[in-house]
Amino acid sequence: MSDEFRELDVQTLNGLNAWGTVSYILHLVVAVAALIPGAQMGPLLLVVALVIDLVKRGDAEGTWHASHFRWRIRTVIIAALLYLVTAPLWLLLFLPGWLAWLAISIWFLYRIISGMVRLNKGLPMEIPA
């Protein structure tokens, strides 16, 4: 990944920081709610966060913020696919489905927290090639 990023004016930079923070908070609420039985309000919030990321990622193109938009979008898509693939486990037995979704939720929470930490430090996400 190149260390060269386009320069941003203060207003655009503050806007990207604000939208990035809002998106990460929505993702964090979803990730924490996924770990609490009966607190499954997350899908709607996740869709809102994903729409924010998809709409605002063009504003971040060429900046270190772009890596955060990619990180969040990829995290949501991968988690959704994993939840979908493991959904049949719930039909077979409760425990395997619960364990699979717990593992996915912990992975999701890790991705969101690591992204929030790097965003707060003003660092891009390290996305492997």
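Here the structure is a predicted model, which means the values were calculated and not measured.
- Cluster membership for Trp107 and Ile113, using ILVMFWY side-chain heavy atoms within less than 4.5 angstrom, is shared.
- Here the OG1-CG distance, from Thr86 to Leu81, works out to 10.5 Å after rounding to the nearest 0.5 Å.
- Following chains of ILVMFWY side-chain contacts shorter than 4.5 Å, one cannot reach Tyr110 starting from Ile78, and the two form parts of different hydrophobic clusters.
- Heavy-atom minimum distance, Ala66 versus Ala60: CB-O, 3.4 Å.
- Cluster annotation: Ile104 is connected to Leu102 through the hydrophobic network of ILVMFWY side chains, with a link wherever side-chain heavy atoms come within less than 4.5 Å.
- Hydrophobic clustering of Ile, Leu, Val, Met, Phe, Trp and Tyr side chains at less than 4.5 Å, counting indirect connections, unites Trp101 with Leu95.
- Side-chain atoms of Asp59 and His65 form no donor-acceptor pair, as typed in the model, at a separation below 3.5 Å.
- Arg118 contributes a side-chain N or O that, together with a main-chain N or O of Pro124, makes up a donor-acceptor pair within less than 3.5 Å.
- Side-chain contact between Ile52 and Leu26 is present, with heavy atoms from C-beta onward closer than 4.5 Å.
- The distance from atom CG of Leu82 to atom OG of Ser105, rounded to the nearest 0.5 Å, is 10.5 Å.
- Atoms CG and CG, from Leu89 and Leu99 in turn, are 9.5 Å apart once rounded to the nearest 0.5 Å.
- Cluster annotation: Val117 and Val22 are assigned to the same hydrophobic cluster (Ile/Leu/Val/Met/Phe/Trp/Tyr, side-chain heavy-atom contacts under 4.5 Å, transitive).
- Residues Trp64 and Leu119 are in side-chain contact: their nearest non-hydrogen atoms beyond the backbone lie under 4.5 Å apart.
- If you take CD1 on Ile73 and CG on Leu54, they are separated by 4.5 Å, rounding to the nearest 0.5 Å.
- When side chains are defined from C-beta on, Phe69 does not count as touching Ser23, because their heavy atoms never get closer than 4.5 Å.
- Arg72 is not listed as a side-chain neighbour of Leu50, based on a closest heavy-atom distance of 4.5 Å or more.
- Atoms CZ and OH, from Phe108 and Tyr83 in turn, are 7.0 Å apart once rounded to the nearest 0.5 Å.
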**Asked** Is there a side chain to side chain contact (heavy atoms under 4.5 Å, CB included) between Tyr24 and His68 once you walk through the steps?
**Response** CA-CA 9 Å; Tyr24 272 123; His68 285 275; 2.8 Å; yes
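- Note that CZ of Arg74 is 8.5 Å distant from CZ of Arg111, once rounded to the nearest 0.5 Å.
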